[in-house]
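Taking it in order: structure first as structure tokens, then the write-up.
Per chain, numbering begins at 1; letters A, B, ... match sequence-line order.
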Amino acid sequence: MKLFVARLDYGVTSDALRTVFEDFGTVNAANVINDRDTGQSRGFGFVEMPNQEEAMSAIHEADGMELRGRNIVVKEAEDRR
DNA sequence: ATTGAGCGC
């Protein structure tokens with residue numbers, strides 16, 4: 001299951017994102033999206049979790065949680081556009 | 001350091 005994570009602090013890296021979600025279960029992959037031209041974080045990212053139950057509990061647990069001073073938003077990801 | 005309502009090339 002893929003999770004969409006928004007409102008990330010610009011200093012949050014893919015590795016940091018993975019560490020956060022590993023507290024809720026197994027994480028296959030996590031990546032923060034950076035602007036292709038400037039390389040700066042876009043402030044959102046994706047987390048892939050193989051266990052759906054862990055993924056759903058991660059949504060409920062991590063949505064709204066504070067990370068680096070900002071409250072993040074966690075939702076199920078839409079199909080890649 | 002920067003901070004937006006946003007779904008990765």
Side-chain angles (χ1 to χ4, degrees):
Chain A
M1 179 173 190
K2 284 156 281 184
L3 270 43
F4 171 69
V5 188
R7 294 187 59 180
L8 295 169
D9 180 84
Y10 291 168
V12 175
T13 63
S14 297
D15 194 61
L17 192 63
R18 179 168 49 80
T19 301
V20 169
F21 281 82
E22 277 178 342
D23 283 346
F24 304 111
T26 304
V27 174
N28 268 359
N31 50 344
V32 170
I33 307 308
N34 298 95
D35 185 277
R36 198 168 144 298
D37 300 311
T38 68
Q40 178 175 123
S41 173
R42 281 200 194 172
F44 68 88
F46 297 89
V47 175
E48 166 116 37
M49 296 181 75
N51 185 302
Q52 187 177 31
E53 293 173 28
E54 288 178 348
M56 291 197 303
S57 80
I59 292 175
H60 297 307
E61 295 292 331
D63 188 34
M65 81 175 288
E66 186 181 304
L67 181 63
R68 292 218 190 185
R70 300 193 63 82
N71 291 89
I72 67 175
V73 175
V74 184
K75 313 156 81 163
E76 180 176 354
E78 301 170 358
D79 291 333
R80 192 187 289 214
R81 8 178 113 143

Provide, to the nearest angstrom, the distance between the [atom1] atom belonging to [X] and the [atom2] atom belonging to [N].
X     : N     : atom1 : atom2 : answer
A:K2  : B:dC7 : NZ    : P     : 15 Å
A:D63 : B:dC7 : CG    : C1'   : 15 Å
A:D37 : B:dC9 : CG    : P     : 10 Å
A:F44 : B:dC7 : CZ    : C1'   : 6 Å
A:D35 : B:dT2 : CG    : C1'   : 13 Å
A:R80 : B:dG6 : CZ    : P     : 20 Å
A:L8  : B:dA1 : CG    : P     : 16 Å

Would you indicate which nucleotide in [options] comes nearest to any side-chain atom of [X]?
X     : options             : result
A:Q40 : B:dT2, B:dG8, B:dC7 : B:dT2
A:N31 : B:dT3, B:dG8, B:dC9 : B:dG8
A:D9  : B:dG8, B:dT3, B:dC7 : B:dT3
A:I33 : B:dC7, B:dT2, B:dG8 : B:dG8
A:R7  : B:dC9, B:dA5, B:dC7 : B:dA5

Closest-nucleotide 5' rank along DNA chain B - winner of A:F4 and A:G11: A:G11
Taking A:I72 as the starting point, is it possible to reach A:F46 by hopping between hydrophobic residues whose side chains are less than 4.5 Å apart? no
Do A:D23 and A:E61 have side-chain heavy atoms sitting under 4.5 Å apart? no
Below 4.5 Å, heavy atoms only, C-beta onward: do A:E78 and A:F4 meet side chain to side chain? no
Quick check on B:dG6: is either OP1 or OP2 less than 4.0 Å from any side-chain nitrogen or oxygen of A:R42? no
A:V32 pairs by side-chain contact (heavy atoms from CB on, under 4.5 Å) with which of A:V5, A:L8, A:T13, A:V47? A:L8
With centres under 5.5 Å and planes under 30°, do A:F46 and B:dG8 count as stacked? yes
When you measure from the side chain of A:E54 to the backbone N and O of A:T26, does any donor-acceptor pair fall under 3.5 Å? yes
Would you classify A:E76 as touching base, sugar-phosphate or nothing, given that sugar-phosphate means primed atoms plus P, OP1 and OP2, and contacts are heavy atoms under 4.0 Å? base
